[in-house]
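Keep in mind it's a predicted model, so treat the numbers as computed, not measured.
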Amino acid sequence: MKTTDNTFIETDFSDQDLESMIFTRCAFYRCDFNHAQLNDAEFIDCQFFESGNLSGCRFDYADLKGCSFKHCDLNMSQFIGAECFGIEFRGCNLQGTDFNRASFANYITHKTFFCSAYISQCNLSYANLADQRLEKCELYENRWTGCNLVGASLQGSDLSRGEFSQEIWSQFNLQHCNLSHVDLTGLDPRRVNLQGVTICSWQQEQLLAPFGLIIGSD
């Protein structure tokens, strides 16, 4: 089912089955999607945040497996406890979004799992992704400035062309990540495990600067 150019104000979608629904150019102001079934739903050019409000929409404990958001404004939205395995965010505004206790992983056993998320060209400034597992995921060309990644593991993910603030490097596990074309200012190899990390040749100078080494031209 498709819905286009509609506006929903303080609408309660909680516990509703919206599986595979397609919303295009819709506005959702102060709406509640808590516990909703949204797996494989699509949101295209949608607004979930109204200027002047202190919070966005709520997706707490919603089933968002395979859900897609493209070019959406999700400022200050809440995804607390949501099932986010296979979720897609493309070109979205995710500033201040809270993913506390959300899950991007499919657990086979308590210690065996694999992750799936596609987040690219998004603004994740001041989003909360603390303690999250986003391993071996597509996470390129995002803005991570001020994002809370304390205790998170992004191991093996593609973080290329991302924008990071200097204080963020020691917060999360970035082993085996692709950091190509990223400004590495503030990343100290003596304090951060860079095993398996991929960088471009021009980034060597930034990594070696803390050791007082100067890279000359060939």
Where do Ala152 and Leu129 come nearest, in terms of heavy atoms and distance?
CB-O, 3.6 Å
Taking Asn75 for its side chain and Thr97 for its backbone only, find out whether a donor-acceptor pair lies under 3.5 Å.
no
A side-chain contact here means heavy atoms from C-beta on lying under 4.5 Å apart; do Leu184 and Ile199 qualify?
yes
Parallel, tilted or perpendicular: which describes the rings of Phe33 and Phe28, with under 30° parallel and over 60° perpendicular?
perpendicular
Single hit among Thr3, Leu38, Asp40 for side-chain contact (heavy atoms from CB on, under 4.5 Å) with Leu18:
Leu38
Test side-chain hydrogen bond (donor to acceptor under 3.5 Å, both in side chains) on Asp98 and Asn128; report intermediate values, then the result.
CA-CA 5 Å; Asp98 190 357; Asn128 179 22; 2.9 Å; yes
Please check if Met21 and Phe79 belong to a single hydrophobic cluster, counting links between Ile, Leu, Val, Met, Phe, Trp and Tyr side chain heavy atoms closer than 4.5 Å.
yes
Gln171 side chain to Leu149 backbone, donor-acceptor under 3.5 Å:
yes
Might you point out which heavy atoms bring Leu174 and Trp169 nearest each other, and give the distance in Å?
CD2-CE3, 3.6 Å
Between atom CD1 of Ile44 and atom OG1 of Thr4, what is the distance when rounded to the nearest 0.5 Å?
8.5 Å
Only one of Glu135, Gln175, Arg133 clears side-chain hydrogen bond (donor to acceptor under 3.5 Å, both in side chains) with Ser153; which?
Glu135
Passes side-chain contact (heavy atoms from CB on, under 4.5 Å), His176 versus Gln195? Steps please.
CA-CA 6 Å; His176 302 284; Gln195 180 180 359; 4.2 Å; yes
In terms of hydrophobic clustering (I, L, V, M, F, W, Y; side-chain heavy atoms under 4.5 Å; direct or indirect links), are Phe172 and Val197 co-clustered?
yes
May I ask whether Trp202 and Leu207 are part of the same hydrophobic cluster, defined by side-chain heavy atoms of I, L, V, M, F, W, Y residues being less than 4.5 angstrom apart, directly or through others?
no
Can you confirm whether Ser55 sits close enough to Gln78 that some side-chain heavy atom of one is under 4.5 Å from a side-chain heavy atom of the other?
no
On a heavy-atom basis, the closest approach of Phe99 and Gln132 is O-NE2, 2.8 Å
How long is the straight-line distance from CD of Glu50 back to SG of Cys57, given to the nearest 0.5 Å?
10.0 Å
Less than 4.0 angstrom from a charged side-chain N to a carboxylate O is my criterion; do Glu19 and Lys65 meet it?
no
Under 4.5 Å between side-chain heavy atoms, counting indirect links through other Ile/Leu/Val/Met/Phe/Trp/Tyr residues: same cluster for Ile80 and Phe89 or not?
no
Report yes if some heavy atom in the side chain of Phe69 is under 4.5 Å from a heavy atom in the side chain of Leu74; otherwise report no.
yes
So Trp144 and Phe164, would you call those rings parallel, tilted or perpendicular, with 30° and 60° as cut-offs?
parallel
Separation between CD of Glu141 and CD1 of Ile119, rounded to the nearest 0.5 Å:
13.5 Å
N/O donor-acceptor pair under 3.5 Å between Glu88 side chain and Lys70 backbone:
no
Spatial distance of atom CD (Glu163) from atom OG (Ser125) [nearest 0.5 Å]:
7.0 Å
Please name the pair of heavy atoms, one in Thr145 and one in Ser165, separated by the smallest distance, quoted to 0.1 Å.
CA-OG, 3.9 Å
To the nearest 0.5 Å, atom CG of Asn178 lies from atom OG of Ser160 at 4.5 Å
Indicate yes or no for a side-chain donor-acceptor contact from Gln206 to the backbone of Gln203 under 3.5 Å, with no hydrogens or angles considered.
no
Tell me whether Arg30 at atom CZ has more than 12 heavy atoms from other residues, nucleotides or ligands lying less than 6.0 Å away.
yes
Decide yes or no on side-chain contact (heavy atoms from CB on, under 4.5 Å) for Phe114 and Ser116, but give the supporting numbers first.
CA-CA 7 Å; Phe114 57 96; Ser116 179; 5.6 Å; no
Tell me if the aromatic rings of Tyr29 and Phe49 count as close, with their centers under 6.0 Å from one another.
no
Note, Val182 side chain near Leu187 side chain (heavy atom, < 4.5 Å)
no
I'd like to know whether Glu138 forms a salt bridge (charged side-chain N to carboxylate O under 4.0 Å, His left out) with Arg90, so could you lay out the CA-CA distance, the side-chain angles of the two residues, the decisive distance to 0.1 Å, and finally the verdict.
CA-CA 11 Å; Glu138 292 184 13; Arg90 304 285 192 188; 3.6 Å; yes
Mark yes or no for whether Asn173, through its side chain, and Leu154, through its backbone, hold a donor-acceptor pair below 3.5 Å.
no
Keeping the roles fixed (side chain from Asn106, backbone from Ile108), state whether a donor-acceptor pair exists under 3.5 Å.
no
For the backbone of Ala105 and the side chain of Ser103, can you confirm whether one donor and one acceptor N or O come within less than 3.5 Å of each other?
yes
Would you indicate whether the side-chain heavy atoms of Leu64 and Cys84 approach each other to under 4.5 Å?
yes
Give a yes or no on whether a salt bridge exists between Arg25 and Asp5, defined as a side-chain N under 4.0 angstrom from a carboxylate O.
yes
Taking all non-hydrogen atoms of both residues, which atom of Gly91 and which atom of Cys122 are closest, and how far apart?
N-SG, 3.7 Å
I'd like to check Tyr61 versus Arg101 (side-chain heavy atoms, cut-off strictly below 4.5 Å). Are they in contact?
yes
Does the Gln37 side chain pair with the main chain of Gln16, one donor and one acceptor, at a distance under 3.5 Å?
no
How far does CG of Asp73 sit from CG of Asp45, to the nearest 0.5 angstrom?
11.5 Å
Which atom pair, heavy atoms only, marks the closest approach of Phe104 to Phe85?
O-CD1, 3.5 Å
Could you check Cys147 against Ile168 for side-chain contact (heavy atoms from CB on, under 4.5 Å), going step by step and ending with a plain yes or no?
CA-CA 8 Å; Cys147 182; Ile168 209 170; 4.2 Å; yes
Test your reading of the model: is there a side-chain donor-acceptor pair from Asn34 to the backbone of Ala36, 3.5 Å cut-off?
no
As a test of understanding, state which of Phe48, Phe8, Phe59 forms a ring-ring contact (aromatic ring centres under 6.0 Å, His included) with Phe13.
Phe8
Expected output: side-chain Thr7 to main-chain Ala27 donor-acceptor under 3.5 Å:
no
